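Only one structure is covered here, and it is reproduced in the block below.
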Amino acid sequence: MSDPYNSAANRSMQSLLNDSMVTTAFELPGHRITRNLGLVRGITVRSRSIVGNFLGGLQTIFGGNITIYTELCEQARHETYRDMVQHARQLGANAIIAVRYDATELMAGLTEVLCYGTAVVVEPNRD
């Protein structure tokens with residue numbers, strides 16, 4: 001199976017894809033889509049450590065935000081987002097639309113986090 005993250009890339013568009021060109025919407029205001037390059041994604045599988053479970057358990061006693069789990073979730077989302085953007089750059093995209101996150105518990109303490117969207121090439125609208 002080939003690795004989409006390490007395939008030959010169209011380097012000319014890479015620098016144009018930044019966070020302002022990634023959206024959950026189906027279009028990018030001020031731009032028109034000229035090419036659809038398909039689905040891009042980033043995926044990670046995370047587990048909680050024994051120490052993390054212990055500290056999280058202690059925090060639940062006092063209620064409120066369970067910061068150790070919040071940090072774990074944020075790290076997983078950041079990692080999958082970064083991988084999705086890298087995948088889009090390698091396809092030659094300069095934008096990603098319809099971005100979504102999904103998480104699935106594979107087994108107790110083991111969670112898959114997925115970030116996905118549609119890689120596109122856009123041009124500024126000429127008004």
Side-chain angles (χ1 to χ4, degrees):
M1 185 164 118
S2 65
D3 181 356
Y5 298 130
N6 293 313
S7 62
N10 179 349
R11 304 288 181 214
S12 64
M13 300 299 271
Q14 277 193 352
S15 63
L16 301 177
L17 178 52
N18 58 46
D19 289 341
S20 68
M21 301 298 281
V22 178
T23 182
T24 59
F26 295 109
E27 59 187 19
L28 197 60
H31 295 80
R32 69 180 185 87
I33 296 171
T34 61
R35 276 186 25 222
N36 179 333
L37 301 174
L39 181 70
V40 289
R41 83 276 185 263
I43 186 171
T44 189
V45 176
R46 292 290 181 128
S47 67
R48 298 181 303 244
S49 69
I50 292 173
V51 173
N53 280 333
F54 176 75
L55 293 174
L58 286 177
Q59 285 185 322
T60 61
I61 293 170
F62 302 105
N65 186 15
I66 313 302
T67 57
I68 193 128
Y69 293 139
T70 302
E71 178 72 21
L72 180 67
C73 291
E74 186 55 37
Q75 286 174 356
R77 287 185 185 115
H78 176 74
E79 186 176 306
T80 59
Y81 175 87
R82 181 198 66 218
D83 289 348
M84 178 194 65
V85 170
Q86 179 181 358
H87 188 189
R89 284 181 177 147
Q90 290 175 341
L91 293 177
N94 64 355
I96 307 171
I97 59 170
V99 173
R100 303 289 185 266
Y101 284 96
D102 192 18
T104 305
E105 188 172 23
L106 300 174
M107 57 187 279
L110 193 62
T111 304
E112 167 204 38
V113 178
L114 174 68
C115 182
Y116 61 96
T118 302
V120 294
V121 175
V122 298
E123 292 178 353
N125 285 336
R126 297 173 201 219
D127 292 345

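Here the structure is a predicted model, which means the values were calculated and not measured. All residue numbers refer to positions in the sequence shown, counting from 1.
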Looking only at heavy atoms, what is the nearest atom pair of [X] and [Y], with distance?
{"X": "V40", "Y": "A119", "result": "CG1-CB, 3.6 Å"}
{"X": "R35", "Y": "L37", "result": "NH2-CD2, 3.2 Å"}
{"X": "R89", "Y": "L17", "result": "NH2-O, 2.7 Å"}
{"X": "A93", "Y": "V121", "result": "CA-CG2, 4.4 Å"}
{"X": "T111", "Y": "A103", "result": "CG2-CB, 4.3 Å"}

[X] vs [Y] side-chain heavy atoms within contact, under 4.5 Å:
{"X": "I33", "Y": "L28", "value": "no"}
{"X": "R100", "Y": "T24", "value": "yes"}
{"X": "D19", "Y": "Y81", "value": "yes"}
{"X": "N94", "Y": "V122", "value": "yes"}
{"X": "L114", "Y": "R41", "value": "yes"}

In Å, rounded to the nearest 0.5 Å, how long is the span from [atom1] of [X] to [atom2] of [Y]?
{"X": "E74", "Y": "R77", "atom1": "CD", "atom2": "CZ", "answer": "7.0 Å"}
{"X": "R82", "Y": "T44", "atom1": "CZ", "atom2": "OG1", "answer": "8.5 Å"}
{"X": "Y116", "Y": "L39", "atom1": "OH", "atom2": "CG", "answer": "8.5 Å"}
{"X": "M107", "Y": "E105", "atom1": "CE", "atom2": "CD", "answer": "9.5 Å"}

Checklist entry - Counting only N and O atoms by type, is there a donor-acceptor contact under 3.5 Å from the side chain of H31 to the main-chain atoms of P29? => result yes
Item to check | Check: V113 main-chain N/O paired with R46 side-chain donor or acceptor under 3.5 Å | outcome: no
Any residue meeting side chain to side chain donor-acceptor pair (under 3.5 Å) with [X], in chain and number order, not counting sequence neighbours:
{"X": "N125", "value": "none"}
{"X": "T118", "value": "none"}
{"X": "E123", "value": "R32"}

Item to check | Any side-chain donor near an acceptor of the partner, E71 and Q75, under 3.5 Å | outcome: yes
Checklist entry - Stepwise, does the side-chain contact (heavy atoms from CB on, under 4.5 Å) test hold for C115 with D83? => result CA-CA 8 Å; C115 182; D83 289 348; over 6 Å; no
